[in-house]
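Only one structure is covered here, and it is reproduced in the block below.
Letters A, B, ... mirror the listed sequences (proteins, then strands); counts begin at 1. Only this structure's heavy atoms are used, side chains among them; waters, hydrogens and symmetry mates stay out.
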Number of protein chains: 2
Amino acid sequence: MTKKLTLKDIAKSLGVSTTTVSNAFNRPDQLSAKLRDHIVSSANELGYYGPSAAGRVLRTGRSNTIGIINHAEFSYALKDPLAVSFLQGVASVCDRENMSMMLLPGIGRSDKEFPAFDAMVDTFIIQSCFITDDLVKRVLAQGSRAIMVDGKIDGLARVTISDKASAHNAAKHLLDQGHEQFAILSFQLNATERDNLFSLEKLNQSRHYVAIQRLEGYLSAFKAAEIPQQQILIKECAENTGDAAYQVSLEILTKKKRPTAILCMSDRLAIGLMKAANKLGIQVPDDLSVIGFDDIEAATTCTPPLTTIEQLGYEKGQLAAELAISDEQPESIELPAKLVIRQSTKPPKK
Amino acid sequence: MTKKLTLKDIAKSLGVSTTTVSNAFNRPDQLSAKLRDHIVSSANELGYYGPSAAGRVLRTGRSNTIGIINHAEFSYALKDPLAVSFLQGVASVCDRENMSMMLLPGIGRSDKEFPAFDAMVDTFIIQSCFITDDLVKRVLAQGSRAIMVDGKIDGLARVTISDKASAHNAAKHLLDQGHEQFAILSFQLNATERDNLFSLEKLNQSRHYVAIQRLEGYLSAFKAAEIPQQQILIKECAENTGDAAYQVSLEILTKKKRPTAILCMSDRLAIGLMKAANKLGIQVPDDLSVIGFDDIEAATTCTPPLTTIEQLGYEKGQLAAELAISDEQPESIELPAKLVIRQSTKPPKK
DNA sequence: CCAGTGTCCAAAAGCGTTTTAGGGATCGTT
DNA sequence: AACGATCCCTAAAACGCTTTTGGACACTGG
């Protein structure tokens, strides 16, 4: 393997200055077409196909890359259909703009792990409920910008959905149908404690923006209906997976006073719940109403099709990417999310 | 916003050399623990959290990044379940090794488009049926390594599956059941011509490794059974999507001499085909046997569940990533793929 | 013929880091 | 008391590029 060629090598070998070679590749208007063609084609023949990125990034500070920081490891994040559509949305903008996207190792749940945030990235899209202000400070310290998705960090522009209002609507829908016994299947509120007992204290300490918003939305509807909060059974699922929900659901559904309606913070949780109900011989929606969140594809194909809240993952990704590449000071945006009524909800039996 | 801090700033401000600061972050054994702690904590206080990647990459030539080149745009590639599991596999290794993965803009189908291959990437994983030797030369010219997935390029280590043998088995399965009238739903053999007429000529000119292998596998089984190739109806689908297959299938299934069995190069094509059959009132498997390829999740949930060839997308991704980060000269690997018989195949009616 | 106006190209200064080669102390050994 | 070994640290070069500054040259118009 021969030594790697550089701009300077080409310049010397052609008897022109490095400036001129650089211009030939980057600023065609700076030299005559004839010379430019000559340089580019000679360079190709020699085995040089353009300036190396490393040098350019160091010099210009721009890398044409969007970095994506997720709260989970990526091998896990890619299992979440919503996360995948989000990435698709980001990718669509990157494709259009000819930018690259860089997936950074997940942050994990421990504050101690600091991954390599020193990546060469123009803008980070942060989608992590576990990110701390301190971490963000590091990101910004290296000169990158950052957009926050589904979360809230002081000073960062945000892309969110109307979590709270939609959650409120979901609960209201069940109340309107006449339900009185409720349970909520929640995400893990706290990164470290992994029990599934809910407490107001935990809610206050939680940094999981989405979970907080949705919970507050649900609870505000119950409050308006004058249902005391102690009467609502709230359980956390360790992960956003059907399996995690399945386990927790068995517990909920075998209680002596079983709820007649359950609100789930995601469709994946709802589907795990329905699997548990099915296992126990509990009919959805006849014996139990279920509402999901997200409206992933599986929500339409499961039986019964899931009443849920539709959120636009793809558009969220697009929007985040647009903010990321925009030159202007980006502004925060809240996307709408709406209740989609299918067959998993029904008034309770008398 | 203040000026970005550098190693040198920290060194000056602490009264030590830049070497020492660099060592404090990268080679703890090169200085006393006391000094190291002092340097790191002072640096953090000043707002410096570690050496910038841009400088390091330029200096060391290593970026701890795996680049992924796909044949399609990423917004499209992410819609393919198999591609997603592949990415998951790659991601699992990256997570473990704390590396980043970089998704590069797709190559597209035209030879003229040369995307930004000058990315700062240690190793490229190339998964593109449209990549040319010339393109690879460029990649290697910038000093990166490359692993080829599902394809063949001289000089590159490869990760493939047993496309040909499994395709042969699939066709053999139908022959054993007594079928005599066949069709094949193929990928587009050629990047530019977009008609769906097959010809041997096109097969010979094709660079679409996977399509060629599978086609040869199917045809070898027919040859062994002494079925003349002209008798096999071969149609290409412009994209690997259900919609593309749906259109082409309508055409095939309304022919006067309709095949009793159809081999599809992917499950997505097979599912589109079954949708068309359903639309035309043709029963699968009673009136028509269908075999897919890949064994994506939808193959188990569709009706009827699809007889198909299982391939290990996740493992393929893992393996490719392992080769990518390995220090040794990587060797090519072929993963097994096996026929999974479900309910979409059946002997033909007499 | 001369100033004015373009056009094209060269020299040089960094961008932030790592690493090589080596310089002083300090220590233990003879 | 001298000497080598050991430990901590530093100076300086190199990595490949872009961009600013300005010079050389060939044109124009007066």
Side-chain angles (χ1 to χ4, degrees), chain A residues 2-40 43 46-64 116-122 141-144, chain B residues 2-40 43 46-64 116-122 141-144:
Chain A
T2 61
K3 200 185 147 296
K4 215 169 121 184
L5 289 171
T6 76
L7 211 52
K8 208 190 277 180
D9 297 328
I10 304 303
K12 186 178 297 179
S13 138
L14 264 64
V16 298
S17 77
T18 61
T19 308
T20 304
V21 181
S22 172
N23 283 337
F25 283 100
N26 300 320
R27 313 199 328 197
D29 55 312
Q30 295 295 301
L31 69 176
S32 65
K34 201 178 111 194
L35 182 60
R36 185 189 122 85
D37 284 352
H38 171 64
I39 291 180
V40 170
L46 291 169
Y48 183 87
Y49 300 100
S52 115
R56 172 165 29 91
V57 169
L58 182 57
R59 175 65 227 231
T60 64
R62 303 219 71 223
S63 60
N64 277 333
F117 275 164
D118 56 352
M120 280 147 307
V121 153
D122 297 331
Q142 51 159 344
S144 301
Chain B
T2 61
K3 196 185 148 299
K4 212 168 121 186
L5 290 171
T6 76
L7 212 50
K8 212 190 275 180
D9 297 328
I10 304 303
K12 186 178 295 178
S13 140
L14 263 63
V16 296
S17 76
T18 61
T19 309
T20 303
V21 180
S22 172
N23 284 337
F25 283 100
N26 299 319
R27 315 200 328 197
D29 55 312
Q30 296 294 302
L31 70 175
S32 64
K34 203 179 112 194
L35 181 61
R36 186 189 121 84
D37 284 353
H38 171 64
I39 292 179
V40 171
L46 292 169
Y48 182 86
Y49 300 100
S52 113
R56 172 161 29 91
V57 170
L58 180 57
R59 175 62 228 231
T60 64
R62 305 220 67 225
S63 60
N64 277 332
F117 275 164
D118 56 351
M120 282 145 305
V121 154
D122 297 330
Q142 49 157 347
S144 301

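- The backbone N or O of A:Val57 sits nowhere less than 3.5 Å from a side-chain atom of A:Ser63 that would complete a donor-acceptor pair.
- For A:Arg62 and C:dC15, the CZ to P distance is 19 Å, given to the nearest whole Å.
- The interatomic distance linking B:Leu31 (CG) with D:dC7 (C1') rounds to 11 Å, in whole Å.
- Although no hydrogens or angles enter the test, the distance criterion places no donor-acceptor pair under 3.5 Å between the side chain of B:Arg36 and the main chain of B:Pro28.
- Between the side chain of B:Ser22 and the backbone N or O of B:Thr18 there is no donor-acceptor pair closer than 3.5 Å.
- Distance CZ (B:Phe25) to C1' (C:dT19): 18 Å, rounded to an integer number of Å.
- Nucleotide C:dG16 holds its P atom 6 Å from the NZ atom of B:Lys4, rounded to whole Å.
- Aromatic rings of B:Phe25 and B:Tyr48 (six-membered ring for Trp) have centroids within the 6.0 Å cut-off, being under it.
- Looking only at distances, no side-chain donor or acceptor of B:Asn23 sits under 3.5 Å from a matching main-chain atom of B:Gln30.
- Among the protein residues, A:Val57 comes within range of no part of the nucleic acid, since none of its heavy atoms lies under 4.0 Å from any strand.
- Rounded to whole angstrom, the span from the CG atom of B:Asp29 across to the C1' atom of D:dC9 amounts to 14 Å.
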(request) Using a 4.0 Å cut-off on protein heavy atoms (strictly under), produce a 5'-to-3' string for nucleotides 17-27 of chain D with B for base contact, S for backbone-only sugar-phosphate contact, and - for none. (result) BBBB-------
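- Rounded to an integer number of Å, the gap from CG of A:Asp9 to P of D:dG16 is 8 Å.
- Nearest-nucleotide mapping onto DNA chain D: of B:Leu58 and B:Val16, the residue sitting toward the 5' end is B:Val16.
- Checking the phosphate oxygens (OP1, OP2) of D:dC9, a side-chain nitrogen or oxygen of B:Ser32 falls inside 4.0 Å.
- Where the helix from C:dC1-D:dG30 to C:dT30-D:dA1 starts and where it ends, the local axes point in directions that differ by 40°; five pairs per end, rounded to 10°.
- Nearest heavy-atom pair across B:Ser13 and B:Leu46 is OG-CD1, 3.5 Å.
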(message) Using side-chain contact (heavy atoms from CB on, under 4.5 Å), reason through B:Leu7 and B:Ile10 one step at a time and then give a plain yes or no.
(response) CA-CA 5 Å; B:Leu7 212 50; B:Ile10 304 303; 5.7 Å; no
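- A straight line from NZ of A:Lys34 to C1' of C:dT7 spans 14 Å, rounded to a whole angstrom.
- Looking only at side-chain heavy atoms (C-beta outward), B:Thr20 and B:Leu35 come within less than 4.5 Å of each other.
- Between B:Pro51 and B:Asn26 the shortest side-chain heavy-atom distance falls below 4.5 Å.
- We find that CD of B:Gln30 is positioned 13 Å from P of D:dT10, with the value rounded to whole Å.
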